[in-house]
Amino acid sequence: MLDPATARRQMVDSQLRARGISDPRVLNAMLRVPRHEFVPAPYRADAYEDHPLPIGDNQTISQPYVVAVMLESLQLTPHDTVLEVGTGSGYVAALLAELAAQVFSIERHPALADNARRVLTALGYTSVRIFTGDGTLGLPANAPFDAILVSAAALSVPPALLAQLREGGRMIIPVGSSDSQQLQFIRICNGQPVISLREPVRFVPLVHNGD
Ligand code: SAH
């Protein structure tokens with residue numbers, strides 16, 4: 001097995017750069033964050049492979065390329081405050097912490113939230129705060145956000161999340177049913193959401209209130 005730093009370099013070169021990811025801040029963040037620390041022990045040898053992996057509670061850590069596409073779309077700055085919906089393993093939260101000033105992340109499964117908190121603390125990611133709860137409601141007390149990244153597929157864009165973006169704020173969210181989803185990129189311009197459609201993707205469902 002390759003050492004993790006070499007495996008990460010190969011992942012960045014062959015899965016990300018080769019497919020058109022070019023933002024140096026995103027590429028550097030993906031070189032730095034030890035993805036294998038966020039993957040359960042039985043799958044650790046596959047941590048840098050080109051696909052999602054199980055993380056427990058029927059959930060997955062997303063494919064590195066899809067994570068990079070989502071991060072690149074948000075054009076984060078070191079001053080930004082970001083909300084993630086669907087913490088899962090905490091991997092994306094760590095990447096967001098590399099790219100922005102403050103990260104809030106919500107996870108509905110308490111065991112996943114606890115595990116992500118433990119890993120992020122052990123790795124020294126002090127700018128991430130993880131909440132257990134329903135992410136479709138966002139975090140009104142900490143809004144507005146410069147950017148929102150939704151790590152699970154919504155049937156439609158939750159209105160509460162749109163309402164928590166500041167003017168000029170950006171959101172990336174997979175939208176669709178379990179077998180057909182597309183990334184939507186949304187920017188708030190003059191108080192209105194402007195939507196553009198991006199790559200087709202496959203995420204676990206975002207559980208909406210009452211599901
Ligand atoms: N970004 C994660 C990928 C997580 S998969 C990572 O880096 O590992 C999507 C996660 O969204 C799952 O953990 C799932 O439990 C969570 N989720 C689904 N619906 C949710 C909701 N309404 N509120 C909060 N979390 C939700």
Side-chain angles (χ1 to χ4, degrees), residues 38 40 52-63 66-67 70-71 73-74 76 80-97 99-121 125-166 169-188 191-193 195 198 201-211:
F38 294 88
L53 289 167
I55 54 170
D57 280 314
N58 266 336
Q59 306 302 323
T60 56
I61 178 172
S62 309
Q63 180 192 16
V66 173
V67 173
M70 294 175 83
L71 292 174
S73 75
L74 290 175
L76 296 170
D80 284 346
T81 297
V82 185
L83 173 68
E84 181 194 21
V85 176
T87 316
S89 68
Y91 174 62
V92 168
L95 289 162
L96 291 170
L99 294 165
Q102 176 79 57
V103 180
F104 298 91
S105 186
I106 317 177
E107 169 56 53
R108 63 187 287 272
H109 281 292
L112 289 175
D114 286 348
N115 188 61
R117 256 185 227 111
R118 184 184 57 73
V119 176
L120 289 163
T121 302
Y125 285 106
T126 53
S127 62
V128 182
R129 282 177 63 193
I130 296 182
F131 295 77
T132 305
D134 179 4
T136 63
L137 304 176
L139 282 178
N142 300 285
F145 301 102
D146 299 292
I148 299 179
L149 186 156
V150 182
S151 283
L155 293 170
S156 58
V157 179
L161 296 183
L162 277 181
Q164 290 172 33
L165 277 176
R166 72 168 79 250
R170 294 88 64 203
M171 172 161 29
I172 187 84
I173 177 170
V175 180
S177 59
S178 58
D179 46 33
S180 166
Q181 306 160 8
Q182 195 165 13
L183 286 178
Q184 291 194 7
F185 176 77
I186 302 168
R187 184 188 287 275
I188 305 296
Q192 294 301 317
I195 301 177
R198 302 282 172 92
V201 284
R202 199 173 185 117
F203 276 80
V204 296
L206 180 71
V207 177
H208 288 250
N209 256 344
D211 281 3

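Position 1 is the first residue of the sequence; numbering continues from there.
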Asker: Among all residues two or more places apart in sequence or in another chain, which pass the side chain to side chain contact (heavy atoms under 4.5 Å, CB included) test with P40?
Answerer: P42, Y43, I55

Asker: How far apart are the closest heavy atoms of A97 and V128, and which atoms are they?
Answerer: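 Heavy atoms of A97 and V128 come nearest at CB-CG2, 3.7 Å.
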
Asker: Can you sort out the partners of R187 under salt bridge (Lys or Arg N to Asp or Glu O under 4.0 Å), two or more places apart, ordered by chain and number?
Answerer: none

Asker: Please report the shortest heavy-atom distance between V204 and N58, naming the atom on each side.
Answerer: CG1-O, 4.2 Å

Asker: Has E84 got a side-chain atom pairing as donor or acceptor with V92's backbone, closer than 3.5 angstrom?
Answerer: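 Judged by distance alone, no pair lies under 3.5 Å.
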
Asker: Supply the atom-to-atom distance I172 CD1 to L149 CG, rounded to the nearest 0.5 angstrom.
Answerer: 7.5 Å

Asker: Donor-acceptor pair, distance only, cut-off 3.5 Å: does the side chain of D146 make one with the backbone of V82?
Answerer: no

Asker: State, yes or no, whether a side-chain contact exists between P158 and L206 at a heavy-atom distance under 4.5 Å.
Answerer: yes

Asker: Would a 4.5 Å heavy-atom cut-off, applied to side chains only, mark M70 and V66 as touching?
Answerer: yes

Asker: Quick check for you: to the nearest 0.5 Å, what is the distance between T81 atom OG1 and I148 atom CD1?
Answerer: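 CD1 of I148 is found 11.5 Å from OG1 of T81.
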
Asker: Looking at S151 and G86, what are the two nearest heavy atoms and their distance?
Answerer: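 Answer, listing the atom of S151 first, then G86: CB-O, 3.4 Å.
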
Asker: Can you check whether S177's main-chain N or O pairs, donor with acceptor, with S180's side chain at less than 3.5 Å?
Answerer: no

Asker: Would a distance-only check, ignoring hydrogens and angles, find a side-chain to backbone donor-acceptor pair under 3.5 Å from Q164 to L137?
Answerer: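 Checked: pair present.
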
Asker: Counting C-beta onward and ignoring hydrogens, is there a side-chain heavy-atom pair between V175 and V157 closer than 4.5 Å?
Answerer: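 Yes, their side chains come closer than 4.5 Å.
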
Asker: Working to the nearest 0.5 Å, report the span between CG of N142 and CD1 of I106.
Answerer: 9.0 Å

Asker: Is a donor on one side and an acceptor on the other found under 3.5 Å between the side chain of R117 and the backbone of I130?
Answerer: yes

Asker: Could you report the tightest heavy-atom contact between A153 and G176, atom names first, then the distance?
Answerer: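 Looks like CB-O, 4.4 Å.
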
Asker: Determine, stepwise, if the pair M171 / V150 fulfils side-chain contact (heavy atoms from CB on, under 4.5 Å).
Answerer: CA-CA 8 Å; M171 172 161 29; V150 182; 4.3 Å; yes

Asker: Over all heavy atoms of both residues, which pair between L120 and A93 is shortest? Give the atoms and the distance, please.
Answerer: CD1-CB, 4.2 Å

Asker: Between E107 and G133 (side chain of the first, backbone of the second, donor and acceptor by atom type, cut-off under 3.5 Å), is there such a pair?
Answerer: no

Asker: Would you say D57's side chain and Q59's backbone share a donor-acceptor pair under 3.5 angstrom?
Answerer: no

Asker: Using 0.5 Å steps for rounding, measure from the OH atom of Y125 to the CG atom of L95.
Answerer: 7.0 Å

Asker: Rounded to the nearest 0.5 Å, what separates atom CG in D80 from atom CZ in F145?
Answerer: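 Interatomic distance, D80 CG to F145 CZ, rounded to 0.5 Å: 12.0 Å.
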
Asker: For F38, which residues count as a ring pair (Phe, Tyr, Trp, His ring centres under 6.0 Å) partner, sequence neighbours excluded?
Answerer: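 By the ring pair (Phe, Tyr, Trp, His ring centres under 6.0 Å) rule, F38 matches Y91.
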
Asker: If you take all heavy atoms of F185 and S73, which pair is closest and at what distance?
Answerer: CE1-O, 3.2 Å

Asker: If you round to the nearest 0.5 Å, how far is OG of S105 from CG of L96?
Answerer: 7.5 Å

